Amino acid sequence: MSLDILRNHTFPPSSEQDWIEAVERSLKGKGIDSLRKDTYENITLKPLYSERTQELGQPGTAPYTRGIGKNEFWICQENRGENAEIVKEAVVKGIECGENTISFKADSLQPEEVKELLADLPIEDYPIFIQANAAQQAIMEGNQAFRGAVTRDLMMEWVQAGGLPLNEQAELADWFSFIDKWRQNKPEVKTVLVDTVPYHEAGADAAREIAYALAAGVEYMNAAKSNGMEPVDLAESMIFSFAIDSQFFMQIGKLRAARRLWSAVGQAYGIQECKMAIHAKTSMRNKSSYDRHVNLLRTSNEAFAALAGGCQYITVVPFDAMLTEGSSLGIRMARNIVHILDKEAGVRQTEDPGGGSYYLEELTDELCEKAWIHFLELERGGGMLAGLRKGRIQAEISELARIRLENVSLRKEKIIGVNVYANPSEGRSDVRVQLPSASGAEKRKEIIPLKPISLSSEFEVIRSMNLTWQDKGLRERIALACIGDLKAYKPYMDFAKEIMAAGGLSYQLAEGLRNLKDIEEFASQPTTIHLIICGNEEDLQGELSALSLDPQIRIYTVGEFQESAKYKQIDRSVDIIEWLTVLSSTQEVEA
């Protein structure tokens, strides 16, 4: 075929219906709806998204869906330590290794320590990003020349402590009086943080995280306005912090939708250019202490989503941050993930790289719709503080957390190294214990605190107890019997082995058994407590119900067995945590 013919060749037009019919042929009997997937946000993800006619707009223009026009970001690692000297060493090391911000959390330091620390750091050469909390006022009154952000989220401090002050409005008034005064001296320094990370870590979905951010921002807007501070001034002083998990496009859409809706909120306060500055932090709730190097894949994916979503500040949590003793390798790799995305992947070369994607644009629209509904419900209920005071917000997050943990237990949500592809011989991890925040000595009105979840926690607790994998004698406690031909029983055997690996359970294995006598002989060891039979019942000579075994032995079937069988049928709909708990109760547990 000549080049001219190729140039003039056109493909016949195809409709969406043609595509659907072609897909359904490949699905062999399943309908196109089988490819749809529902999310925690009650958004249905479709297998195909088509061209849209809406005008996209330009980055840097209202409503800022595509970015606020500042295609730059600051690396804000959470350098922390028991004292100022340790924090200083971490910050200096970070700068030497490529961090472009003096960044640390001040929660473990006294206000005077923070002031002394800043005096020893090159604040004239680098911007600062300090989550200052109670040390904010001392830092701001220190007469030190710096630029960047010294932030505090007063409401989140109350939530984390599990107690509201006796007079919330009076404390907010004092705070905003100070914020307004300092803004007049250093208008370029951001001071107010709206931190949604704890909501995320407790189980919230993307739509609710946006709604909580908007509601908290409105709460601060109203408090500032009541105390004589102009809303436009407050908006310029704010940073919104979001956690980013591994749902790549959902997280990009979350940041895009949050900017759009905050711009709409600003319009209600008469702010024509209400830009949302975003700090993004990689999530902790989906990280695992076992097979923890997989966390590098998760954090890389999350950092990519954060930068593609248009954040201005980014914190990448080290892959081993959940351990009592983190490593310098974890810190270095967390920092370098950002450098690789910037210098090698070139994420920063384009603002809003996903803009125009049919899928991402529709996902952003749907997130805006869902988040706005939640936000209006909060406002009708009295706002953010009222929702927290009455426990409504905590209750809905708790229900989401329950559903998430249940989905992990059912393996509807898979975590590599935890409930799939687990290495049962891996030793126990020394996991950091999170102690609840103290509410202080002053009198407070108690509220329900947020409780962070770890999606892998239930599997990891079971696995940390079952340190018997190398003990051959203990393998006889669980007998895994596979009947028939390899081709028939292998899928069921692999399923059972994978589940036991997720629980760190040892077992004995027999393959190709054909009759009841073989099974009885295999399970005749006096130490056998559980018998798991894998395969198809039609491959067995004799009725399974005729097995003659010690009545103390618990029998389970995995595969094609009659529903009327008296033994427990295990399939992918079974709560794996419950099954592992039963199996583990007969293992020797190491404290």
Side-chain angles (χ1 to χ4, degrees), residues 64 67-79 99-107 126-137 139-140 146-157 159-160 172 175-176 178-180 182-183 186-200 209-210 212-221 223-224 229 231-244 251 254-263 265-266 269 271 273-282 306-307 309-316 338 384:
Y64 308 109
I68 63 174
K70 294 182 179 179
N71 197 16
E72 61 183 7
F73 58 87
W74 306 106
I75 303 173
C76 304
Q77 295 304 98
E78 289 185 350
N79 298 300
E99 292 178 27
N100 59 0
T101 312
I102 293 174
S103 174
F104 59 89
K105 290 194 78 169
D107 48 7
Y126 296 89
I128 64 175
F129 184 88
I130 305 173
Q131 291 174 262
N133 297 341
Q136 185 185 50
Q137 185 167 343
I139 297 171
M140 289 155 51
F146 53 77
R147 55 196 170 94
V150 181
T151 64
R152 185 179 193 184
D153 186 344
L154 193 58
M155 286 196 298
M156 183 51 68
E157 289 179 35
V159 175
Q160 295 291 71
L172 284 171
W175 185 43
F176 279 114
F178 185 76
I179 292 293
D180 192 23
W182 199 53
R183 173 173 170 74
K186 290 184 170 63
E188 73 284 356
V189 177
K190 295 188 180 295
T191 53
V192 178
L193 182 69
V194 175
D195 188 6
T196 70
V197 173
Y199 300 116
H200 171 96
E209 289 170 47
I210 297 170
Y212 300 150
L214 300 178
V218 165
E219 198 82 47
Y220 283 151
M221 283 283 203
M229 186 176 183
V232 64
D233 293 335
L234 177 62
E236 291 176 359
S237 299
M238 296 173 78
I239 295 175
F240 290 77
S241 186
F242 292 97
I244 307 295
Q251 299 306 303
K254 179 170 76 178
L255 301 189
R256 299 173 93 244
R259 280 194 300 269
R260 182 191 298 178
L261 294 181
W262 183 241
S263 176
V265 169
Y269 286 90
I271 308 172
E273 296 183 355
C274 192
K275 300 179 180 180
M276 176 184 275
I278 293 177
H279 166 246
K281 178 182 177 181
T282 57
L307 295 174
C311 69
Q312 284 69 53
Y313 311 86
I314 184 167
T315 300
V316 177
V338 183
M384 193 68 178

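The structure displayed is predicted, hence computed values, not measured ones.
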Using a 3.5 Å distance criterion without hydrogens, assess whether the side chain of [X] forms a donor-acceptor pair with backbone atoms of [Y].
| X | Y | value |
| --- | --- | --- |
| Trp182 | Met140 | yes |
| Asn100 | Ile75 | yes |
| Lys254 | Ala243 | yes |
| Ser237 | Thr191 | no |
| Asp195 | Asp153 | no |
| Gln312 | Gly310 | yes |
| Gln136 | Val150 | yes |

Inset, instruction - Identify, with sequence neighbours excluded, every residue that meets salt bridge (charged side-chain N to carboxylate O under 4.0 Å, His left out) alongside Arg152. - result: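 For Arg152, the residues satisfying salt bridge (charged side-chain N to carboxylate O under 4.0 Å, His left out) (neighbours in sequence not counted) are Glu157.
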Legend entry - side-chain contact (heavy atoms from CB on, under 4.5 Å) assessment of Phe146 paired with Ile139: CA-CA 10 Å; Phe146 53 77; Ile139 297 171; 4.1 Å; yes
I'd like to check [X] versus [Y] (side-chain heavy atoms, cut-off strictly below 4.5 Å). Are they in contact?
| X | Y | result |
| --- | --- | --- |
| Met221 | Pro231 | yes |
| Tyr199 | Met156 | yes |
| Val218 | Tyr269 | yes |

Please round to the nearest 0.5 Å and tell me the distance separating atom [atom1] of [X] and atom [atom2] of [Y].
| X | Y | atom1 | atom2 | value |
| --- | --- | --- | --- | --- |
| Leu261 | Cys274 | CG | SG | 11.5 Å |
| Phe176 | Met229 | CZ | CE | 7.0 Å |
| Tyr64 | Arg256 | OH | CZ | 15.5 Å |
| Phe73 | His279 | CZ | NE2 | 12.5 Å |
| Ser241 | Glu209 | OG | CD | 10.5 Å |
| Ile130 | Lys190 | CD1 | NZ | 15.5 Å |

Legend entry - Residue Glu273 excluded, over 12 heavy atoms near CD under 6.0 Å: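 Count not over threshold, so no.
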Can you see which heavy atom on [X] is nearest to which on [Y], and at what distance?
| X | Y | answer |
| --- | --- | --- |
| Ile68 | Arg259 | CG2-CD, 3.8 Å |
| Ala213 | Phe240 | O-CE2, 3.5 Å |
| Ala306 | Leu255 | O-CD1, 3.7 Å |
| Ala132 | Ala106 | O-CB, 3.8 Å |
| Ala258 | Met276 | O-CE, 3.5 Å |
| Asn79 | Ser103 | ND2-O, 2.9 Å |

Legend entry - side-chain contact (heavy atoms from CB on, under 4.5 Å) assessment of His200 paired with Lys281: CA-CA 11 Å; His200 171 96; Lys281 178 182 177 181; over 6 Å; no
Inset, instruction - Decide side-chain contact (heavy atoms from CB on, under 4.5 Å) for Trp262 and Met238; before the verdict, give the C-alpha distance in whole Å, the side-chain angles of both, and the deciding distance to 0.1 Å. - result: CA-CA 11 Å; Trp262 183 241; Met238 296 173 78; 4.0 Å; yes
Legend entry - Check against side-chain contact (heavy atoms from CB on, under 4.5 Å), Val194 and Tyr212: CA-CA 9 Å; Val194 175; Tyr212 300 150; over 6 Å; no
Inset, instruction - Please identify each residue that fulfils side chain to side chain contact (heavy atoms under 4.5 Å, CB included) with Thr151, with sequence neighbours left out. - result: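 Partners of Thr151 by the side chain to side chain contact (heavy atoms under 4.5 Å, CB included) criterion, ordered by chain and then number, come out as Gln131, Ala149, Leu193, Ile239.
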Inset, instruction - Measure from the ring center of Tyr220 to the ring center of Trp175 and say whether it is less than 6.0 Å. - result: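 Yes.
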